[in-house]
There are 2 protein chains.
Amino acid sequence: MTTPNNSDNLSSEFPVPEVVIQRLPLYVRVLTQYSSAGEEVISSEQLGSRLQMTPAQIRKDLSYFGRFGKQGRGYDVAMLERQLREILGLDRTWNAAVVGMGRLGRAVVSYPGFAPSGFNISAAFDTSHDIVGKTISGLHVQSISQLTESVKELDIKIGIVTVPIDHAQEVIDAMVLAGIKSILNYAPLSPQVPEGVTMRGIDPVLSLQSMTYYLR
Amino acid sequence: MTTPNNSDNLSSEFPVPEVVIQRLPLYVRVLTQYSSAGEEVISSEQLGSRLQMTPAQIRKDLSYFGRFGKQGRGYDVAMLERQLREILGLDRTWNAAVVGMGRLGRAVVSYPGFAPSGFNISAAFDTSHDIVGKTISGLHVQSISQLTESVKELDIKIGIVTVPIDHAQEVIDAMVLAGIKSILNYAPLSPQVPEGVTMRGIDPVLSLQSMTYYLR
DNA sequence: TGTGCTTTGTATCACACTGTATAAATAATC
DNA sequence: GATTATTTATACAGTGTGATACAAAGCACA
């Protein structure tokens with residue numbers, strides 16, 4: 001009764017708001033920092049000030065998934081981090097495929113930030129005959145026609161789109177057809193995806209374009 | 001009376017929700033596509049289906065800034081694009097400074113997507129003595145101590161942070177001190193910034209970490 | 001063991017955002 | 001020119017998200 005380790009108390013009973021899910025990785029990140037700083041306990045107050053949000057917000061977010069804290073004390077850093085990682089599915093590694101091996105794709109596959117976070121780029125694809133067959137950062141570049149096959153063989157769950165804008169939608173369609181349910185899109189467009197497929201866009205220009213509003 | 005060209009009808013009277021501002025660049029993007037496809041008129045219905053949102057949402061968003069459409073007809077593509085660009089401050093070019101000239105910084109300054117959108121990277125900085133003084137993609141890399149001076153001289157309004165995580169906060173502080181009000185941050189942390197400074201984060205790992213929740 | 005202090009978890013409230021519905025305005029057609 | 005189609009702008013309602021407030025629970029220390 002005192003150990004609140006039933007991580008899926010409520011999480012599967014009703015849907016957790018998307019915004020909450022997007023905040024959880026932020027909590028994990030701060031917890032990791034705290035942990036490596038040798039702290040054993042953290043309060044919602046401390047978490048909140050670090051992330052510039054109210055303590056109540058954090059407590060409410062966490063309460064969607066269970067009761068992780070101790071009143072009068074706070075949250076056990078290691079325990080909470082472990083719980084959140086499990087909730088997010090970060091207690092394992094995930095395989096990803098990159099499609100588009102131009103300048104951007106090369107930057108992505110050689111970015112050293114993915115692997116330590118448990119994201120493994122295990123296949124690379126392109127359409128151009130000039131690039132297919134080459135080896136880039138240790139990855140043998142395959143034709144996009146091999147996508148479905150590789151997704152199955154290599155247990156790829158995540159697609160990363162780094163093709164030019166005019167091929168992006170068809171690549172995304174191909175990924176969906178291949179059974180990929182999570183897509184990270186670097187192309188500057190708003191793609192159409194069916195229900196059940198999660199998309200995230202990486203779009204620095206879009207970010208800049210909304211900031212200039214506050215500059216005038 | 002029939003020409004609703006008073007672009008700041010309401011916009012300055014009360015604050016426009018942040019989410020609305022972030023959607024405006026999406027509208028601009030679709031309008032540009034429509035324009036180059038030769039279309040002269042677009043309805044909120046068409047815009048909405050392209051962006052997977054309801055027509056009413058779009059009409060409401062636009063109504064924060066004025067009345068741009070004609071009932072029974074829709075929106076004049078060229079006119080609406082021009083209006084939205086003006087609202088967002090995209091009817092001019094903006095100068096940006098990149099701090100951090102490692103792998104990521106080099107990728108950013110050589111990314112060909114900024115200039116066509118009116119974002120001009122006009123200065124590059126680093127702390128390392130190995131890099132300061134070099135010329136990368138036509139930019140002479142300066143010491144970070146030159147930041148404030150360059151910001152004034154070159155009319156730099158935007159800062160782009162591409163340093164490793166352990167230097168990111170101090171770089172951001174330096175930018176704020178130099179008078180920069182808009183910061184695009186590529187470092188994987190949630191930085192502390194004072195009121196009045198707008199921050200956007202580019203963080204693919206964070207995006208991946210929230211997608212895996214839906215994969216389990 | 002009891003008292004005071006801290007912090008959580010949640011009930012309640014307030015507000016912001018989204019979707020529905022409709023009147024007004026325009027265009028098209030006969 | 002009258003009638004019908006269309007589409008905007010907006011009033012209204014509903015939903016969802018964030019902040020406030022407080023009771024319950026644990027800790028510390030005498």
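Below, read A as the first sequence line, B as the second, and so on, with proteins coming before strands; counting in each chain starts at 1.
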Take atom CD of Glu45(B) and atom C1' of dT20(C), then tell me their distance rounded to the nearest Å.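 Atom-to-atom, Glu45(B) to dT20(C), this comes out as 14 Å.
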For atom OH of Tyr27(B) and atom P of dT8(D), their distance in whole Å: 13 Å
Taking only side-chain N and O atoms of [X], does any of them lie within less than 4.0 angstrom of OP1 or OP2 on [N]?
X        : N       : result
Arg59(B) : dG19(C) : no
Ser63(A) : dG9(C)  : no
Arg67(B) : dT26(C) : no
Tyr75(B) : dT6(D)  : no

Side-chain donor-acceptor contact under 3.5 Å, Gln209(B) with Arg29(A): no
Does one side chain, of Tyr214(A) or Glu18(B), offer a donor that lies under 3.5 Å from an acceptor on the other?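 Their side chains do contain a donor-acceptor pair, which is all the 3.5 Å distance test asks for.
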Strictly by Watson-Crick or wobble contacts shorter than 3.5 Å, is anything paired with dG4(C), and which nucleotide is it? dC27(D)
Whom does dA24(C) pair with, Watson-Crick or G-U wobble, provided both distances fall under 3.5 Å? dT7(D)
Given that Pro55(B) and Lys60(A) both sit by DNA chain D, which one's nearest nucleotide is further toward the 5' end? Pro55(B)
Considering heavy-atom distances to DNA chain D, does Gln71(A) or Asp61(A) have its closest nucleotide positioned more toward the 5' end? Asp61(A)
Taking syn as a glycosidic torsion within 90° of 0 and anything else as anti, which one is dA5(D)?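 Nucleotide dA5(D) adopts syn.
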Nearest to side-chain heavy atoms of [X], which nucleotide of [options]:
X        : options                   : result
Lys70(B) : dT8(C), dT10(D), dA27(C)  : dA27(C)
Gln57(B) : dG19(C), dT7(C), dT10(D)  : dG19(C)
Thr54(B) : dT10(D), dG19(C), dT10(C) : dG19(C)
Arg73(A) : dC27(D), dA19(D), dT20(D) : dC27(D)

Minimum-distance pair of heavy atoms, taken over all atoms of Ile202(B) and Asp203(A):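 The pair with the smallest heavy-atom distance is CD1-C, 4.4 Å.
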Return the minimal non-hydrogen interatomic distance between Val171(B) and Ile144(B), and the atom names on each side. CG2-CD1, 4.2 Å
Of Gly72(B) and Gly74(A), the one whose closest DNA chain C nucleotide lies more 5':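 Residue closer to the 5' terminus by nearest nucleotide: Gly74(A).
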Pairs under 3.5 angstrom only: tabulate donor-acceptor contacts from the side chains of residues 174-191 of chain B to other protein residues two or more places apart or in another chain.
residue, atom, partner, partner atom, Å
Asn185(B), OD1, Ala187(B), N, 2.9
Asn185(B), ND2, Ala187(B), O, 3.1

